[in-house]
Amino acid sequence: MLLIDGKRAFIEFLQQNFDNSTLPNKFETLTRLYFEVNSVINISAIRNESDVYFKHYLDSIYPYKHFSGTCCDVGCGGGFPCLPLALVTDCSYVGLDSVGKKLALINRCVKEMGLNNITTRHSRSEDLAKQGVSFDTVSARAVSDTDKSLAFCAPLAKKGGKVILYKTQNDSPATSQTEKKLNVRLIVAEDYTLPYTDINRRLFIYEKL
């Protein structure tokens, strides 16, 4: 249940957390491009503006303080969480997806909004890892269960880097066997409710050893 209008609530959240008066306009532009692209390429089933502001934007940026350095968003789909994060942080992002057409929104935003801290890679995570590419922060949102999500992400994380998994409160941490195999340890397990909603989320953050 969404308790108030998503756009109004999201702008209030931006004003409370970021000292940047241009962000509301940037997200309005992103919303316009989102609906234009989604009408041609089905990148998301969410087609209500209020839901977009809550379920794509607010959900994506709520853990923004945990992101640092170079970041890779594995299985990014239409660009969530990496696109909203690129607007509110100074980190550099790579949106990674094995389905090339899903990257259309990110590519269009880069071109039309002049974003210089986000790029795309049409690849599988395991193939990119084999190339020796690694990042300070690797994230995944709504990508499989915890063990599989971690298996996709951990090989792309630098030693001492982080893997951030956006999960629901029905999800459990990865097994100890998976942690040992991937050489990671759980450092944060946080439950929270998105502001202005009753949408419950769980965040798992792992450190690459």
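Panel note: side chain Thr29, backbone Asn25; a donor-acceptor pair is recorded below 3.5 Å. Judged purely by atom type and a 3.5 angstrom limit, Lys208 has no side-chain atom pairing as donor or acceptor with the backbone of Lys162. Not a single donor-acceptor pair under 3.5 Å links the side chain of Asn38 to the backbone N or O of Tyr34. When atom types are taken as modelled, the side chain of Asp5 and the backbone of Arg8 share a donor-acceptor pair closer than 3.5 angstrom. At least one donor-acceptor pair under 3.5 Å links the side chain of Asn183 to the backbone N or O of Leu209. Between the side chain of Thr120 and the backbone N or O of Gly95, no donor-acceptor pair lies under 3.5 Å. With hydrogens and angles ignored, the 3.5 Å screen pairs a side-chain donor or acceptor of Asp73 with a backbone N or O of Cys82. A donor-acceptor contact shorter than 3.5 Å links the side chain of Ser50 to the backbone of Gly6. A donor-acceptor pair under 3.5 Å is absent between the side-chain atoms of Tyr53 and the main chain of Thr31, judged by distance alone. In this structure, Thr137 contributes its side chain and Ser68 its backbone to a donor-acceptor pair below 3.5 Å.
In terms of heavy-atom proximity, Ile61 sits nearest to Pro84 at CG2-CB, 3.4 Å. For Glu179 against Arg185, the heavy-atom pair with the smallest separation is OE1-CA, 3.6 Å. What you find for Asn42 and Ser44 is that their closest heavy atoms are OD1-O, 3.2 Å. The shortest heavy-atom contact between Cys153 and Val163 is CB-CG1, 3.6 Å. Closest approach of Ala86 and Asn117 over heavy atoms only: O-ND2, 3.0 Å. Shown here for Val74 and Ser125, the closest heavy-atom pair between the two residues is CG1-CB, 4.0 Å.
Note on ring orientation: taking the six-membered ring where Trp is involved, the planes of Tyr166 and Phe67 are tilted (angle from 30° to 60°).
A salt bridge is defined here as a Lys NZ or Arg NE, NH1 or NH2 lying under 4.0 Å from an Asp or Glu carboxylate O, and Glu28 with Arg32 fails to meet this definition. Electrostatic pairing of Arg202 and Asp171 does not count as a salt bridge here, judged by no charged N lying under 4.0 Å from a carboxylate O. A salt bridge is defined here as a Lys NZ or Arg NE, NH1 or NH2 lying under 4.0 Å from an Asp or Glu carboxylate O, and Glu190 with Arg201 fails to meet this definition.
Inter-residue side-chain proximity for Tyr206 and Pro173 is flagged as met; some heavy-atom pair is nearer than 4.5 Å. Looking at heavy atoms from C-beta onward, Leu30 lies in side-chain contact with Leu83 at the 4.5 angstrom threshold. By the 4.5 Å heavy-atom criterion applied to side chains, His66 and Leu203 are counted as neighbours. Between Val52 and Tyr57 the shortest side-chain heavy-atom distance falls below 4.5 Å. Side-chain contact between Cys91 and Leu85 is absent, with no heavy-atom pair separated by less than 4.5 Å. With contacts defined as side-chain heavy-atom distances shorter than 4.5 Å, the pair Glu36/Arg108 qualifies. Side-chain contact between Ile199 and Thr193: absent, with no pair of heavy atoms (C-beta onward) separated by less than 4.5 Å. For the pair Leu186/Ile205, no side-chain contact is recorded, criterion being any heavy-atom separation below 4.5 Å from C-beta on.
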Check residues 9-20 and write down every donor-acceptor pair under 3.5 Å in which the side-chain atom is one partner and the other belongs to a residue at least two apart or another chain.
from  : atom 1 : to     : atom 2 : distance (Å)
Glu12 : OE2    : Tyr196 : OH     : 3.1
Asn17 : ND2    : Phe13  : O      : 2.8
Asn20 : OD1    : Thr22  : N      : 3.0
Asn20 : OD1    : Thr22  : OG1    : 2.6

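The stretch residues 90-104 participates, sequence neighbours left out, in these side-chain hydrogen bond (donor to acceptor under 3.5 Å, both in side chains) pairs: Thr89-Tyr93. Sorted by first and then second residue, the ring pair (Phe, Tyr, Trp, His ring centres under 6.0 Å) pairs involving residues 171-194 (not counting sequence neighbours) are Tyr62-Tyr192.
No hydrogens or angles considered: nothing links the side chains of Thr146 and Ser149 as a donor-acceptor pair under 3.5 Å. For the residue pair Asn200 and Thr168, no side-chain donor N or O sits within less than 3.5 Å of a side-chain acceptor on the partner.
When the side chain to side chain contact (heavy atoms under 4.5 Å, CB included) test is applied to Lys158, the partners found at least two apart in sequence or on another chain are Thr70, Ser134, Asp136. By the ring-ring contact (aromatic ring centres under 6.0 Å, His included) test, Phe35 pairs with no residue at all, sequence neighbours left out. Partners of Lys167 by salt bridge (Lys or Arg N to Asp or Glu O under 4.0 Å), not counting sequence neighbours: none found.
Hydrophobic clustering (side-chain heavy atoms under 4.5 Å, transitive across Ile, Leu, Val, Met, Phe, Trp, Tyr) keeps Val99 apart from Leu105. Residue Tyr64 is grouped with residue Ile187 when hydrophobic side chains (ILVMFWY) are merged at heavy-atom distances under 4.5 angstrom, including chains of intermediate members.
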Can Ser123 and Leu96 be said to form a side chain to side chain contact (heavy atoms under 4.5 Å, CB included), step by step? CA-CA 6 Å; Ser123 176; Leu96 177 70; 3.8 Å; yes
